[in-house]
2 protein chains.
Amino acid sequence: MNFNDYIRNIPDFPKEGILFKDITPLLKNNRAFKAAIDALIEIYKDEEIDYIVGIEARGFIIGTPMAYALNKGFIPVRKPGKLPYDKYTASYDLEYGSSELEIHSDAFSKGDKILLVDDLLATGGTTKASVDLIEKLGGEIVGIAFLLELKDLNGRDMIEGYDIFTLLQH
Amino acid sequence: MNFNDYIRNIPDFPKEGILFKDITPLLKNNRAFKAAIDALIEIYKDEEIDYIVGIEARGFIIGTPMAYALNKGFIPVRKPGKLPYDKYTASYDLEYGSSELEIHSDAFSKGDKILLVDDLLATGGTTKASVDLIEKLGGEIVGIAFLLELKDLNGRDMIEGYDIFTLLQH
């Protein structure tokens, strides 16, 4: 299956000059969606993993079926103000200004093995903030998985030294 | 398995007087998470369904593993400004003011059979807005599934006449 047939290019979204990669056609196609999740879990099925951490919101779409299929617990990294319990916060830079991500302080225990999941590796900013949150809790990151990597943005530079897998590269 | 052991009550979140139901302990426990998704798909496994529609963001957490396990396509209903292609918008009331949800105008075809999924049935406002979006596209709603229902808020009154299933009732 050529997954790229199900990624739609949207010019000038969210603003002029950006070519947005729309994954909704892939999610909509039951065979493409299942095959993409199955290809991702194939990489990690023999890995020792305690929890899958997914980044809001599209990381939930990739991370929760992986957690279900691999029979692992799922832990959300969320946008500010969404998590109700004690939490840690990490900042990341945007083109103008910055934003934050949060994780519950009791999300997992020190030494737990974590697979971090998101849909897209772009500049790597949100991934790096999530890595920082996981390591603040003492988690051991055994891998970072993405559906799609935008190679020209060099997001891997932000998360050097980690075991990274991307199903598609654009 | 008593799923209620994995729902955490957080008083005064997001504001004073609200008792927030935190589902993160259920997501974190691999057995509880899998059993909850399996209990939901058991209800719909013999139903004729074309697509599962999940409401951002926690509806993604419940809806995408259901889509994966039932081998259906997944369609997101998202918060404003997130969907990149042509879309429809529906408003819903908040305690003060209102907010909006969006769906791609080509999300599915007229007559397609839709299972709508979210984590929580509270006042029913976001559910009703999502029902409106699905019906604007000509979708036939074959069921609406929730992990948890807050009975005192009478959310069912907002979506009368639909086939509703809630795994847990508080």
Side-chain angles (χ1 to χ4, degrees), chain A residues 6 8-14 18-34 36-38 41 49-54 56-76 78-79 81-87 103-104 106-108, chain B residues 6 8-14 18-34 36-38 41 49-54 56-76 78-79 81-87 103-104 106-108:
Chain A
Y6 301 94
R8 174 164 60 178
N9 289 320
I10 312 274
D12 300 321
F13 185 87
I18 305 284
L19 184 66
F20 187 86
K21 301 287 177 173
D22 180 15
I23 66 166
T24 62
L26 187 147
L27 305 177
K28 176 181 173 175
N29 185 284
N30 65 325
R31 286 169 301 110
F33 179 53
K34 187 167 192 318
I37 298 301
D38 285 343
I41 66 175
I49 295 166
D50 293 308
Y51 298 106
I52 290 182
V53 171
E56 184 167 5
R58 281 172 295 170
F60 295 176
I61 289 176
I62 308 301
T64 53
M66 288 179 68
Y68 174 84
L70 290 169
N71 199 17
K72 306 295 176 189
F74 180 80
I75 291 165
R78 299 209 62 180
K79 291 168 183 170
K82 299 291 188 180
L83 289 172
Y85 195 65
D86 295 333
K87 59 205 174 184
I103 197 167
H104 273 153
D106 70 341
F108 55 82
Chain B
Y6 300 93
R8 175 162 62 178
N9 290 320
I10 312 274
D12 300 322
F13 185 88
I18 305 285
L19 184 66
F20 186 86
K21 301 288 178 174
D22 180 15
I23 66 166
T24 62
L26 185 146
L27 305 177
K28 176 181 173 174
N29 185 284
N30 65 325
R31 287 170 300 108
F33 179 52
K34 188 168 192 321
I37 299 300
D38 285 344
I41 65 175
I49 294 166
D50 293 307
Y51 297 106
I52 290 182
V53 171
E56 182 167 7
R58 281 173 294 169
F60 296 176
I61 290 176
I62 308 301
T64 53
M66 288 179 67
Y68 174 85
L70 290 169
N71 198 17
K72 307 296 177 189
F74 180 78
I75 292 164
R78 298 209 64 178
K79 290 166 184 171
K82 299 291 188 180
L83 289 173
Y85 195 66
D86 295 334
K87 59 206 175 184
I103 196 167
H104 272 154
D106 68 343
F108 55 82

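Since this is a predicted model, take the numbers as computed values, not measurements. Just so it is clear: chains get the letters A, B, ... in the order the sequence lines come, proteins before strands, and each one is counted from 1.
Put simply, of B/Phe33, B/Phe74, B/Phe20, the one with the most heavy-atom pairs under 4.5 Å next to chain A is B/Phe74. Ranked by heavy-atom pairs shorter than 4.5 Å toward chain A, the options B/Leu70, B/Thr24, B/Ile75 are led by B/Thr24. For the set B/Asp38, B/Asp12, B/Asn29, the count of heavy-atom pairs under 4.5 angstrom toward chain A peaks at B/Asp38.
Side-chain atoms of B/Lys28 come within 3.5 Å of backbone atoms of A/Ala107 as a donor-acceptor pair (strictly under, hydrogens ignored).
To the nearest 0.5 Å, atoms CG (B/Leu27) and OG1 (A/Thr64) are separated by 8.5 Å. One distance of note links CG of B/Asp22 with CG of A/Leu83; it measures 7.5 Å at 0.5 Å rounding. Rounding to the nearest 0.5 Å places CZ of B/Arg31 at 9.5 Å from CG of A/Asn71.
Ion pairing between B/Asp106 and A/Arg8 holds under the 4.0 Å rule for side-chain N and carboxylate O.
Stacking of A/Lys34 on the aromatic ring of B/Tyr68 is recorded, both the 6.0 Å distance cut-off and the 45° axial limit being met.
Heavy-atom distances place the side chain of B/Ile10, and not its backbone, under 4.5 Å from chain A. When heavy atoms are compared at a cutoff of 4.5 Å, B/Pro14 does not approach chain A at all. With a 4.5 angstrom heavy-atom cutoff, B/Lys82 touches chain A via backbone and side-chain atoms both. Contact annotation for A/Phe60: both backbone and side-chain heavy atoms come within less than 4.5 Å of a heavy atom of chain B.
The two residues B/Gly81 and A/Phe13 come nearest to each other via the heavy atoms O-CZ, 3.5 Å.
Using a 4.5 Å cut-off on side-chain heavy atoms (C-beta onward), A/Arg78 and B/Arg58 make contact.
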